[in-house]
Participant: 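Okay, handing you the structure first.
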Amino acid sequence: MRGFIVMAMFAVSLSHAGSHKYSEVRNLELDASGLSDMFIDAGAGALIVNGVEGSDEIVVVATIVVEGEEEEARKLIEKRLRLDLERDGDRAILKAGFNTGWGWDGDAAIDLDVRMPAQLPLRIDDGSGSIKVHDIVSSVRIDDGSGSIELGNSGDIDIDDGSGSITLEDTGGVRIDDGSGSI
């Protein structure tokens, strides 16, 4: 029995020795003057959105996390990262994710912390990861693949959710189409 325990501890230590994560932070900003709404297209990773009353800018802190050694992770980020905050007419568009393709099965995510004007309507198309939205006094529309959703102090809510729990507090009208998870 002692031999088995020693072997199991050795195997666990080897698996952890080969597991490395590289991360870096990028900041994005956009003048929100004249915008009519905000669209977020996010892949894997956590998403936090907070409305700021009286704000006239959108500020994003993106934490990019890639499994692997630093040099290889940097190459992957350079080749596959999609991270942009742009104005398209009167809409702000935030795109965050990794372009997949032949020969890549990497483990990467982008955690987003977004501060935006509270009065802008918000639309989110999210792949996976938790979503927290607070203090968006206008409408919020979420299409989510998987991960928990938490909304508070928001206007009308429209959620199309694949899986994960949903928690709402102090919102306007609510419409939910849910695959699985508690509400």
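Every value quoted in this text rests on a predicted model; they were computed, and no experiment measured them. We use all heavy atoms of the structure for the numbers below, so side chains are in, but hydrogens, waters and symmetry mates are not.
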Participant: Hey, quick one: are Leu112 and Tyr22 part of the same hydrophobic cluster, counting side-chain heavy atoms closer than 4.5 Å, chains of contacts allowed?
Facilitator: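 Yes, because Leu112 and Tyr22 connect within a single hydrophobic cluster, where side-chain heavy atoms sit under 4.5 Å apart.
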
Participant: Roughly how far, to the nearest 0.5 Å, is the CD atom of Glu57 from the CZ atom of Arg115?
Facilitator: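 Between atom CZ of Arg115 and atom CD of Glu57 there are 11.5 Å.
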
Participant: Establish, from distance only, whether the side-chain atoms of Ser36 and Asp90 form a donor-acceptor pair under 3.5 Å.
Facilitator: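 There is such a pair (donor and acceptor under 3.5 Å, judged by atom type) between the side chains of Ser36 and Asp90.
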
Participant: Does Asp158 come within less than 4.0 Å of Arg141, counting only side-chain N to carboxylate O?
Facilitator: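 Yes, Asp158 and Arg141 are salt-bridged.
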
Participant: What closest approach, in Å, do Leu83 and Ala96 show between heavy atoms, and which atom pair accounts for it?
Facilitator: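 In terms of heavy atoms, the two residues are closest at CD1-CB, 3.8 Å.
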
Participant: What distance separates Glu78 CD from Leu76 CG, expressed to the nearest 0.5 Å?
Facilitator: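 Answer for the CD-CG pair, Glu78 versus Leu76, is 10.5 Å.
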
Participant: Are Val174 and Val137 grouped together when hydrophobic residues (ILVMFWY) are joined by side-chain heavy atoms under 4.5 angstrom apart?
Facilitator: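 No, separate clusters.
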
Participant: Given Ile40 and Asp125, is the side-chain contact (heavy atoms from CB on, under 4.5 Å) satisfied, shown in steps?
Facilitator: CA-CA 6 Å; Ile40 300 174; Asp125 187 355; over 6 Å; no

Participant: Does Leu94 reach the side chain of Asp84, with side-chain heavy atoms less than 4.5 Å apart?
Facilitator: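 Contact flag for Leu94/Asp84 side chains = no.
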
Participant: Considering only heavy atoms from C-beta outward, does the side chain of Ile110 approach that of Arg82 to under 4.5 Å?
Facilitator: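 SC-SC contact between Ile110 and Arg82 ruled out.
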
Participant: Of Val52, Leu122, Asn50, which is the lone residue that meets side chain to side chain contact (heavy atoms under 4.5 Å, CB included) with Met116?
Facilitator: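 The residue from Val52, Leu122, Asn50 that satisfies side chain to side chain contact (heavy atoms under 4.5 Å, CB included) with Met116 turns out to be Leu122.
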
Participant: Using 4.0 Å as the upper bound for N to carboxylate O, is an ion pair formed by Glu72 and Lys75?
Facilitator: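 A salt bridge is present here (some side-chain N lies under 4.0 Å from a carboxylate O).
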
Participant: In Å and rounded to the nearest 0.5 Å, what is the CD1 to CG distance from Ile136 to Asp156?
Facilitator: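 The distance works out to 13.5 Å.
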
Participant: Applying side-chain contact (heavy atoms from CB on, under 4.5 Å), run through Ile166 and Ile176 and close with a yes or a no.
Facilitator: CA-CA 9 Å; Ile166 299 172; Ile176 299 174; 3.9 Å; yes

Participant: Any sub-3.5 Å donor-acceptor pair from Ser154's side-chain atoms to Gly152's backbone N or O?
Facilitator: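 Checking the backbone N and O of Gly152 against the side chain of Ser154, a donor-acceptor pair under 3.5 Å is found.
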
Participant: In this structure, which one of Thr63, Ile64, Ile48 forms a side chain to side chain contact (heavy atoms under 4.5 Å, CB included) with Asp111?
Facilitator: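 Result for side chain to side chain contact (heavy atoms under 4.5 Å, CB included) with Asp111: Thr63.
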
Participant: Could you walk me through whether Glu24 and Ile77 pass the side-chain contact (heavy atoms from CB on, under 4.5 Å) test, one step at a time?
Facilitator: CA-CA 10 Å; Glu24 67 180 54; Ile77 289 169; 3.9 Å; yes

Participant: Ignoring hydrogens and angles, state whether a donor on the side chain of His20 or Glu70 is under 3.5 Å from an acceptor on the partner side chain.
Facilitator: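 The answer is no; no qualifying pair exists.
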
Participant: Roughly how far, to the nearest 0.5 Å, is OG of Ser146 from CG of Asp126?
Facilitator: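 One gets 8.0 Å once the value is rounded to the nearest 0.5 Å.
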
Participant: Is there a continuous path of hydrophobic side-chain contacts, each under 4.5 Å between heavy atoms, that joins Ile131 to Leu168?
Facilitator: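 Yes: a chain of side-chain contacts under 4.5 Å links Ile131 to Leu168.
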
Participant: Applying a strict under-4.5 Å side-chain criterion to I, L, V, M, F, W and Y, I'd like to know whether Leu35 and Leu28 cluster together.
Facilitator: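 Both belong to a single hydrophobic cluster.
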
Participant: Once you round to the nearest 0.5 Å, how far does OG1 of Thr171 lie from CD1 of Ile157?
Facilitator: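 Interatomic distance, Thr171 OG1 to Ile157 CD1, rounded to 0.5 Å: 5.0 Å.
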
Participant: Can you tell whether the side chains of Asp41 and Lys95 come within less than 4.0 Å, N to carboxylate O?
Facilitator: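 Result for this pair is no, no salt bridge flagged.
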
Participant: Tell me the closest heavy-atom pair linking Ile58 and Pro117, and the distance in Å.
Facilitator: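 Reported closest heavy-atom pair: CG1-CD, 3.9 Å.
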
Participant: Is the shortest heavy-atom distance from the side chain of Ile142 to the side chain of Asp160 under 4.5 Å?
Facilitator: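 When only atoms from C-beta onward are counted, Asp160 and Ile142 do not touch, as no gap falls below 4.5 Å.
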
Participant: Nearest heavy-atom pair of Gly34 and Arg87: which atoms, and what distance?
Facilitator: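 The pair with the smallest heavy-atom distance is C-NH1, 4.2 Å.
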
Participant: Just checking, is any N or O donor in the side chain of Asp170 or Asn153 under 3.5 Å from an acceptor N or O on the other one?
Facilitator: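 No pair is found: no donor N or O on one side chain lies under 3.5 Å from an acceptor on the other.
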
Participant: Would you mind reporting whether Val61 and Val25 have side-chain heavy atoms less than 4.5 Å apart?
Facilitator: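 Yes; the side chains approach each other to less than 4.5 Å.
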
Participant: Given side chains that start at C-beta, do those of Leu81 and Phe98 come closer than 4.5 Å, heavy atoms only?
Facilitator: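 Side-chain contact under 4.5 Å: yes.
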
Participant: Would you say the side chain of Ile124 lies within less than 4.5 Å of the side chain of Asp143, judging by non-hydrogen atoms?
Facilitator: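 With C-beta onward as the side chain, the pair stays apart.
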
Participant: Tell me, do Val114 and Val59 make a side-chain contact under 4.5 Å, heavy atoms counted?
Facilitator: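 No, their side chains stay 4.5 Å or more apart.
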
Participant: Looking only at heavy atoms, which two atoms of Gln119 and Ser55 are closest? And how far apart?
Facilitator: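 The pair with the smallest heavy-atom distance is NE2-O, 4.1 Å.
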
Participant: For the atom pair NZ (Lys132) and OG (Ser148), what is the distance rounded to the nearest 0.5 Å?
Facilitator: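 One gets 7.0 Å once the value is rounded to the nearest 0.5 Å.
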
Participant: Mind checking whether Ile159 and Ile149 have side chains closer than 4.5 Å, heavy atoms only?
Facilitator: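 A side-chain contact exists here, since the closest heavy-atom pair is under 4.5 Å.
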
